[in-house]
Amino acid sequence: MESLWRKQTPKLISKSSTDHSVPENTHRDIIVIGAGMAGLLIAYYLKEKGKNVLVLEADEIASGQTERTTAKITSQHDLKYREMIETMGTKKARLYAQANEAAIREYERLIQSQGIECQFKKVPAYLYTMQDEKVLRDEAEAARSLGIDAFFTKETELPFEVTGAVCFRNQAQFSPLEFLKHISQELEIWERTKVIEIKGNQVITNDMVMTADKIVVATHYPLRNVPGFYFLRQHQERSYVLALSGCNNIEGMYIGIDKNGLSFRQAGEYLLFGGSSHRTGENKNGGAYSYLAEMSKRYYPDSKEEMRWSAQDCMPHDGIPFIGKYSILTPNLYVATGFQKWGMTSSMVAAMILRDELCGAENPYSELFRPQRINLRAGIGKFLADVVESVKGLTKGLFHKNGPRCPHMGCELVWNPDEESWDCPCHGSRFEKDGKLVDNPSKRCIENK
Ligand SMILES: Cc1cc2nc3c(=O)[nH]c(=O)nc-3n(C[C@H](O)[C@H](O)[C@H](O)COP(=O)(O)OP(=O)(O)OC[C@H]3O[C@@H](n4cnc5c(N)ncnc54)[C@H](O)[C@@H]3O)c2cc1C
């Protein structure tokens, strides 16, 4: 289902996205795989540094999760900082806060200096609860101790009473595709060019082999299982969005921390009203959209649903994206993934880190986001929970051979009635009713469908 952003910006065209069937030069300094928010920002900053960069995109520019985001640009990544301080220490938590605050400022600088018209607006971001307020009082204090301009409040613009909220000042929102339309213009991007394999410095598609000094995998879910083992280190979660008309305009961006919490942000005349999150592959009874429709009628009785869509993102066990070298065995291969539904700032953080790493400069945030880090205390519980889910899915795939199985690793697929898709509960691949691949990590369609 088409998102508001795609409706507003139907086609993003780059200068060289057209004819590339017989490339004269098959070598580039850097090849970036994937033209979503991450891949495009990474390519943009590397090109700015004088690198000869090519972006390869399997489908169209920004046709992945990026066109279905709600595009809040914020360092407020759900309940984060109190827990991070407790499990990883103040130093890492402060670096995480600083990296994401720096990403907001960089968006602002870039958009203003380039005069990019993309509905960029500085707004506050809020977490809210209708339960015990203490957790948000603690979060406000933790965020403040790390240098974020945060405070606890009971005042919000929401159409219901909250027991408490934490506000981060100086956050932002924008229209992601209007922004990317500008960013992509001067980049060399080849659409409908799916990478099927990477071998050393070779990037292999169905009809050609390109080479590069460095390769960046920005395909949302990394396209190689081994090395890297990202399939063991993150799972995917799906969430749903309605665009409503006829609601009172709100200034801030909101997200609820309680079970079934809702997300709110204004986008022009529409209110983006989101929620119904679940692990991909765990929505066999459906009801994600109808829950949102019911809540929208409860809180905004005069509203009208104008659009609906959903998306998913990769959730790393320790709550930090993976940005840097793909593995210790692949010195020229890099990755940016694990954005945990906060891919606007995370993509910018990835672009800043990889620009520096690939140009031989130091970056203060590299170590925190390094994919080979180990944060045992923060990640072990979620790692074990994920292993259990994967084993369950694989076992069902082995014994229930009648249902469709995921080509990625053989897990049993689960029908998602809300999206009419076959979804994999292990790693989050998705397929249309007829078996056509929608979301990776699977590289193939379901056979015999
Ligand atoms: C409902 C929802 C709301 C969200 N709201 C927010 C928000 O408010 N703020 C925020 O910060 N984040 C938000 N996010 C997260 C954010 O949208 C994502 O993290 C971000 O869009 C991911 O960008 P990406 O470039 O990594 O992936 P994508 O946009 O998916 O881009 C990856 C690209 O790689 C291409 N590709 C894949 N495989 C290959 C291949 N083999 N060869 C070539 N190309 C390939 C795909 O076609 C795709 O275009 C939200 C997520 C969800 C689920």
Side-chain angles (χ1 to χ4, degrees), residues 3 5 12 31-43 54-78 100 103-104 107 125 171-174 176-177 180 189-198 203-206 215-224 236-242 253-255 263-265 267 272-278 280 288 292 308-316 321-323 335-351 428-429 437-444:
S3 71
W5 317 121
L12 283 78
I31 291 180
V32 176
I33 309 170
M37 186 58 76
L40 292 172
L41 279 177
I42 292 164
L54 168 65
V55 183
L56 301 179
E57 165 56 45
D59 193 342
E60 288 184 13
I61 300 171
S63 59
Q65 309 310 321
T66 295
E67 70 171 22
R68 302 181 185 91
T69 182
T70 45
K72 301 171 182 170
I73 305 174
T74 178
S75 62
Q76 189 183 68
H77 294 181
D78 299 302
N100 285 284
I104 304 170
Y107 270 113
Q171 311 294 295
Q173 61 188 31
F174 69 163
L177 298 203
L180 287 178
I189 306 169
W190 295 355
E191 296 180 295
R192 281 168 283 281
T193 308
K194 183 169 181 162
V195 173
I196 48 174
E197 214 175 324
I198 304 165
V203 176
I204 301 165
T205 74
N206 273 327
I215 300 162
V216 180
V217 177
T219 50
H220 187 244
Y221 203 108
L223 52 76
R224 282 175 80 173
Q236 299 205 59
E237 273 185 27
R238 208 156 178 83
S239 304
Y240 300 74
V241 184
L242 306 183
M253 312 181 291
Y254 293 84
I255 194 154
S263 158
F264 305 73
R265 74 153 274 197
L272 302 190
F273 185 73
S276 295
S277 292
H278 60 80
T280 303
L292 289 180
R308 56 167 64 181
W309 67 86
S310 70
Q312 65 187 32
D313 214 354
C314 301
M315 313 299 287
F322 299 110
I323 301 167
V335 69
T337 186
F339 295 163
Q340 50 194 341
K341 298 191 212 166
W342 299 110
M344 300 301 105
T345 47
S346 302
S347 291
M348 185 59 93
V349 170
S429 299
L437 179 64
V438 185
D439 285 318
N440 50 13
S442 177
K443 294 184 202 157
R444 290 184 286 125

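The analysis underlying the following values was restricted to heavy atoms, covering all of them including side chains, and did not include hydrogens, waters or symmetry mates. If you're wondering where the values come from, they're calculated on a predicted model, not measured in any experiment. All ligand and atom numbering here is 1-based and tracks the order in the structure.
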Q.
Any carboxylate oxygen within less than 4.0 angstrom of a Lys/Arg side-chain nitrogen, looking at Lys194 and Glu57?
A.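 Between Glu57 and Lys194 there is no salt bridge, as every charged N stays at least 4.0 Å from the carboxylate O atoms.
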Counting only heavy atoms closer than 4.0 Å, does ligand 1 sit against the backbone of [X], its side chain, both, or neither?
{"X": "Thr193", "value": "backbone"}
{"X": "Ile33", "value": "side chain"}
{"X": "Leu40", "value": "neither"}
{"X": "Leu223", "value": "side chain"}

Candidate with minimal heavy-atom separation from [atom], of [options]:
{"atom": "atom 29 (O) of ligand 1", "options": "Thr345, Thr66, Ile42", "value": "Thr66"}
{"atom": "atom 15 (C) of ligand 1", "options": "Ile196, Val32, Asp313", "value": "Asp313"}
{"atom": "atom 9 (N) of ligand 1", "options": "Arg68, Lys72, Glu67", "value": "Lys72"}
{"atom": "atom 48 (C) of ligand 1", "options": "Lys341, Glu57, Arg238", "value": "Glu57"}

Could you tell me whether [X] and ligand 1 have an N or O pair separated by under 3.5 Å?
{"X": "Lys194", "answer": "no"}
{"X": "Gly343", "answer": "yes"}
{"X": "Gln312", "answer": "no"}
{"X": "Glu237", "answer": "no"}

Q: Output the list of atoms in ligand 1 that are nearer than 4.0 Å to some heavy atom of Ala38, sorted by atom number.
A: 25 (O), 26 (O)
Q. Should you measure from each heavy atom of Phe339, which atoms of ligand 1 turn up under 4.0 Å away?
A. 19 (O), 26 (O)
Q. Judged by non-hydrogen atoms, does Ala71 sit under 4.0 Å from ligand 1?
A. yes
Q) Is the closest heavy atom of Ile73 to ligand 1 under 4.0 Å? A) no
